[in-house]
Protein chains: 2
Amino acid sequence: MKLTSRGRYAVTALVDLARFDNINPVSLRDISLRQGISLDYLEQIFSKLKKNEIVKSIRGTQGGYVLNKNPNDIKLTNIFHAVDEKVKTVQCKKESKKGCNGKATKCITHNLWDELEVHINTFFENKSLKDLLNNNKETRV
Amino acid sequence: MKLTSRGRYAVTALVDLARFDNINPVSLRDISLRQGISLDYLEQIFSKLKKNEIVKSIRGTQGGYVLNKNPNDIKLTNIFHAVDEKVKTVQCKKESKKGCNGKATKCITHNLWDELEVHINTFFENKSLKDLLNNNKETRV
DNA sequence: CTAATCTTGACCATTTTAGTCAGGTATGTA
DNA sequence: TACATACCTGACTAAAATGGTCAAGATTAG
Ligand code: FES
Ligand code: FES
């Protein structure tokens, strides 16, 4: 199971953004330079974050992005959902009674994978951007 | 983040094996038929499980595989490790002070990804094959 | 002997990832 | 008004990972 760079970048970029957006919009160019993430890739990512109403954009000179919500209301779940970083422990559809690869029934370990998915998602639901900001200011233990 | 079929198959196959190995070795062919997993793929998987001393093999007619340990001592961690299903939340090396892609320092969200990795691995460390057997008996009735 | 099984290694199609590239369009400022 | 800054969009691609298949052989019970 691995976390993609896209998901990592989305969170990192938003933490960066959250730190600086008090006064002015933050440009992707700045984030790119500060965090060492490709500008072109960031643009793809922020396009998704915008569609999901996590950030707002301001065009033109001196423009950039600002958060569209309180950092406390932006959970990792929301961020990951926005950039299609989903937790998938199975192939089969949840609604369907069928198993993976169109098998007639669910497999004998199915409950386990459901549990695992819940376990991971719980982590994402309990972390907000606010937590990450605090966490980082404290230089943390 | 997604769990690979390889990891899922390994666990499913071992649960199947654990159910039947009381008397005789269990052939991969049987597991393949019961669980609907490609025989050739199972062979790759069991080769790794054997190298990691999770199962023993018995060759020849009436041969097959048997568990090499008590189901209680086979954790998901062990199984996943054996088949290279690792939890990776970052690209950078843990030992190194450098960040992802050879950056000079770790990123500002690094702690988060470490936490996440621990959170997931904890789940795997607390589940044994025994748990899955019990679990399954309960739900079967 | 022969059928059932494990053993090994090569091979491959498809999908995903992590970007790059090449254009736009909008807008504050000089 | 010119122009630099920044967002916006879509196409493209190299490399890796995934989820297998295929072929050929070695062991051993019956
Ligand atoms: S994981 Fe899909 S059938 Fe169990
Ligand atoms: S995840 Fe590698 S530097 Fe933070």
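So you know, we letter chains A, B, ... as the sequences are listed, proteins then strands, and number each from 1. For clarity, every value in this text was computed on a predicted model and none was experimentally measured.
- One can place CD of A:Glu85 at 8 Å from P of C:dT17, the figure rounded to the nearest angstrom.
- Across B:Lys48 and B:Val83, no two heavy atoms sit closer than the pair CD-CA, 4.0 Å.
- The distance from atom NZ of A:Lys48 to atom C1' of D:dC7 is 17 Å, rounded to the nearest whole Å.
- Nucleotide C:dT16 holds its C1' atom 14 Å from the CG atom of A:Leu3, rounded to whole Å.
- Residue contacts shown for B:Phe46 are absent, as no nucleic acid heavy atom lies under 4.0 Å away.
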Go through the steps for B:Thr89 and B:Glu117 under the test side-chain hydrogen bond (donor to acceptor under 3.5 Å, both in side chains), then give the verdict. CA-CA 6 Å; B:Thr89 58; B:Glu117 199 164 307; 2.9 Å; yes
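- For a distance-only test at 3.5 Å, the side chain of B:Arg59 qualifies as a donor-acceptor partner of the base of D:dA26.
- With D:dG19, C:dT8, D:dA6 as the candidates, the nucleotide lying closest to the side chain of B:Glu43 is C:dT8.
- At a threshold of 4.0 angstrom between heavy atoms, the contacts of B:Ser47 with the nucleic acid are absent.
- Listed pair A:Tyr9 / C:dG19 meets the phosphate criterion, a side-chain N or O lying under 4.0 Å from OP1 or OP2.
- For the pair B:Thr109 and B:Trp113, the tightest heavy-atom approach, listed with the atom from each and the gap, is OG1-NE1, 3.1 Å.
- B:Tyr65 comes within 4.0 angstrom of the backbone, heavy atoms only, and of no base.
- Distances shorter than 4.0 Å separate some side-chain N or O of A:Ser38 from OP1 or OP2 on C:dT20.
- In this model, the phosphate group of C:dT7 is approached by a side-chain N or O of B:Lys50 to a distance below 4.0 Å at OP1 or OP2.
- Rounded to an integer number of Å, the gap from A:Lys2 NZ to C:dT16 P is 14 Å.
- Across the protein-nucleic acid pair, A:Met1 atom CE and C:dT16 atom P stand 16 Å apart, rounded to whole Å.
- When each of C:dA18, D:dT21, D:dG19 is scored by its nearest atom to the side-chain atoms of A:Tyr41, the top-ranked nucleotide is C:dA18.
- Rounded to an integer number of Å, the gap from CG of B:Leu17 to C1' of C:dT5 is 14 Å.
- At distances below 3.5 Å, not a single donor-acceptor pair connects side-chain atoms of A:Gln35 with backbone N or O atoms of A:Thr12.
- Of the two residues near DNA chain C, A:Ser5 and B:Asp40, the one whose nearest nucleotide lies more 5' is B:Asp40.
- Here the C1' atom of nucleotide D:dT18 and the CD1 atom of B:Ile37 are 16 Å apart, to the nearest Å.
- As judged by a 4.0 angstrom heavy-atom cut-off over every strand, B:Gln91 is placed among residues touching the sugar-phosphate backbone only.
- Where B:Gln44 and B:Arg29 each meet DNA chain C at their nearest nucleotide, the meeting point lying more 5' is that of B:Arg29.
- For A:Ser57, a side-chain nitrogen or oxygen approaches OP1 or OP2 of D:dC8 to under 4.0 Å.
- In this structure, A:Val55 reaches neither bases nor backbone, as no heavy-atom distance under 4.0 Å exists between it and the strands shown.
- In this structure, CG of A:Leu39 is placed 12 Å from P of C:dC21, rounded to the nearest angstrom.
- Counting heavy atoms from C-beta outward, B:Asn126 and B:Lys75 have side chains that stay 4.5 Å or more apart.
- Minimum heavy-atom separation, B:Pro71 to B:Leu133: CB-CD1, 4.3 Å.
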